[in-house]
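Written out below as structure tokens is the structure these notes cover.
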Amino acid sequence: MKIHLPFHAESIETARQLCVGMDDGFQKYKAVVNYVSTHFAYDYVKAITIPKRGGLPDVENCWKKRMGICGDLAAMTVGMLRGVGLKAWLVIGRADKICHAWVETDWGIYDPTVAITKRKIKTYKKERMY
């Protein structure tokens, strides 16, 4: 079964605007992840009120509210990175034994939850990539 990530046109357009005039992929990557890290918050209320497994990322509300949980933030970031022509994958797995989502790129792991909350994670274990 192929799953399509829910991309959001306004977030992709923002990423494109951030990267105007940039040719270097790493420069684009840094511009996008810096934007996500500094313009979004982690939604602690949603984190404790939703089912722990099986939900799809809600990129629309993440963008609108400027906050989300791991899957929302990671899916939005993947869309933004792909929107500027970079390879990026939404990864679902375990972070220190907790179900989690993050982003993988040619430059390694970017975990928006960690970037935003400053939480420390020691180990990541992939289960699925999209």
Short side-chain to backbone donor-acceptor contact, D43 and M67, under 3.5 Å: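 Side chain of D43 to backbone of M67, a donor-acceptor pair under 3.5 Å: no, none is there.
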Spatial distance of atom [atom1] ([X]) from atom [atom2] ([Y]) [nearest 0.5 Å]:
X    : Y    : atom1 : atom2 : value
M80  : C19  : CE    : SG    : 8.0 Å
L18  : N34  : CG    : CG    : 9.0 Å
H8   : D72  : NE2   : CG    : 12.0 Å
H100 : I121 : NE2   : CD1   : 4.0 Å
C70  : I116 : SG    : CD1   : 11.0 Å

Would you please name every residue forming a side-chain contact (heavy atoms from CB on, under 4.5 Å) with T117, sequence neighbours left out?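 Counting only residues at least two positions away or on another chain, T117 forms a side-chain contact (heavy atoms from CB on, under 4.5 Å) with Y42, Y44, T113, R119.
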Examine [X] and [Y] and state if one hydrophobic cluster contains both, with Ile, Leu, Val, Met, Phe, Trp and Tyr joined whenever side-chain heavy atoms are less than 4.5 Å apart.
X    : Y    : value
L81  : Y35  : yes
V91  : I109 : yes
M76  : I50  : yes
M129 : W102 : yes
V33  : F26  : yes

Any residue meeting salt bridge (Lys or Arg N to Asp or Glu O under 4.0 Å) with K87, in chain and number order, not counting sequence neighbours: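 Residues passing salt bridge (Lys or Arg N to Asp or Glu O under 4.0 Å) with K87: none at all.
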For residues 12-40, which residue pairs pass the salt bridge (charged side-chain N to carboxylate O under 4.0 Å, His left out) check, not counting sequence neighbours?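 Every candidate salt bridge (charged side-chain N to carboxylate O under 4.0 Å, His left out) pair involving residues 12-40 fails, so no pair, neighbours aside, qualifies.
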So Y124 and D111, do their side chains get closer than 4.5 Å, heavy atoms only? yes
